[in-house]
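Side chains are part of it too, since the values below use all heavy atoms of this structure and drop only hydrogens, waters and symmetry mates. Every number for a ligand or one of its atoms is a count from 1 in the order of the listing. Quick note: residue numbers are just sequence positions, from 1.
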Amino acid sequence: MFQQNIATLAQQLRNKEISSVELTQHFLQRISQLDEQLNSFITVSESQALEQAKAADAILSQGQGNALTGIPIAHKDLFCTQGTLTTCGSKMLNNFIPPYESTVTQRLAQAGTVMLGKTNMDEFAMGSSNENSFYGAVKNPWNLETVPGGSSGGSAAAVAAGLATAATGTDTGGSIRQPASFCGITGLKPTYGRVSRFGMIAYASSLDQAGPMAKSAEDCAHMLQAMAGFDQNDSTCSETATEDYVSSLNAPLSGLKIGLPKEYFGDGLDANVAKIIMDAVKEFEKLGATVKEISLPNLQLSIPAYYVIAPSEASSNLSRFDGVRFGHRCENPKDLMDMYTRSRAEGFGTEVQKRIMVGTYALSEGYYDAYYLKAQRIRRLIKQDFVSALEEVDVIMGPVAPTTAFGLGSKTSDPVAMYLEDIYTLSVNLAGIPAMSVPAGFSNNMPVGLQIMGNYFSEAKLLNVAHQYQQVTDWHTQTPNMAKGA
Ligand code: GLN
């Protein structure tokens, strides 16, 4: 059951071949058997999941419900879930039980999904390897010695190992696409503003965006259908109408114009990864697409621009964690200042503290123009690069990451090497466009993701392109060995 897609499970649920309670028990059982090796969940909400499953069965028994009714999924532990611990991967929030529900989790619950639990992540979504979690590193199910990618590594590992049918993730600079690539699943970062950020613990508010992580583009379409759309609780949420992401999956690709940015295939890209991406592109040509080289000349500037803008916004967003209103408070404070400083020093991990310092510096008087303002100007140039390229082509393709999943601990002492991992993903967030990661092959038995980027609000197109590729390839149906036995 764990290998089946949402549409198949929905059919079985409707036909009463299985019940949602049975399906939920099946996944809870797999979590208890396999997650000790992976550490992909921070919280498993067993009794609540079974209650939700019962409620879903009641709806199904009346012949009602939709494609998601009774489907067990997991949520990144960054979405506030009313009454359920929400840590954001941090000691700071290890006692935080939100009094309200995020729009994403609420909409998915209303659509009938069952929440199995909350998945592990890099602390406050800062990281590319999931090694920055207070709750310990997550392991990649394809090789337990390697990282699953980050920051939505728990969601990616859980879906790849069949511990949940699908999961939510968030992507500020690549955190849906890179772990999806490393774990061999399909992930979509929607256009900025397509999905509400209400109830998502903020990292960098002008970049953060929630999206689905699942086994296939079709499953992502079902998830996005429930997640997307205007929300009056988020003033940056777009009023642009949503599309029918499921019914547009089958449009033929003949005439599709694909752009390959030459900057995505230069130094630093692993040769095997490059070959897999080019093979995928050939597959699209067989489906009737045409390919042309394009240029995104400011790609190299995306790392310095992102690593000024994201920490700047984070330093402001994280100032609310002061030991008074939320989360961790130190023992026996001498005075107010001591309470603030010790609570923050004890509650935040090193990467988070580093970014708060970088961000505070970049925003301080005398440095603001030199760093923050300049980074914002670069951001405009990067956006312009995409806008011009997307006048000539329908979608842009390239790698998600320069390599496959790297060894646990292999980059933790070299922050620049870690930040370079994000080279192909950051610019998408700076521009605000949507992009996907789609399984496209294996290099030394580790999954490789193809990145598909598109114009603003072209999610239906991206899902269609990915789905057509998945009709003629089977990379997305592979299962890691550790997940097979159970
Ligand atoms: N790896 C990037 C960072 O550390 C992106 C993280 C994300 O998308 N949340 O900031």
Not counting sequence neighbours, which residues clear side-chain hydrogen bond (donor to acceptor under 3.5 Å, both in side chains) with Gln376? List them please.
-> Tyr372
Note: Asp171-Lys189 ion pair, threshold 4.0 Å (strictly below) = no
Is the Tyr203 ring parallel, tilted or perpendicular to the Tyr306 ring (thresholds 30°, 60°)?
-> perpendicular
Is it true that Glu421 and Lys411 have a side-chain N and a carboxylate O under 4.0 angstrom from each other?
-> yes
If the plane angle is over 60° it's perpendicular, under 30° parallel, otherwise tilted; pick one for Phe284 and Tyr469.
-> parallel
With a 4.0 angstrom cut-off on heavy atoms, strictly below it, pick out the residues next to ligand 1 and order them by chain and number.
-> Ala125, Met126, Gly127, Ser128, Ser151, Asp171, Thr172, Gly173, Gly174, Ser175, Tyr203, Tyr306, Tyr307, Arg355, Asp422
Lys118 and Ser45: side chain donor to acceptor below 3.5 Å | no
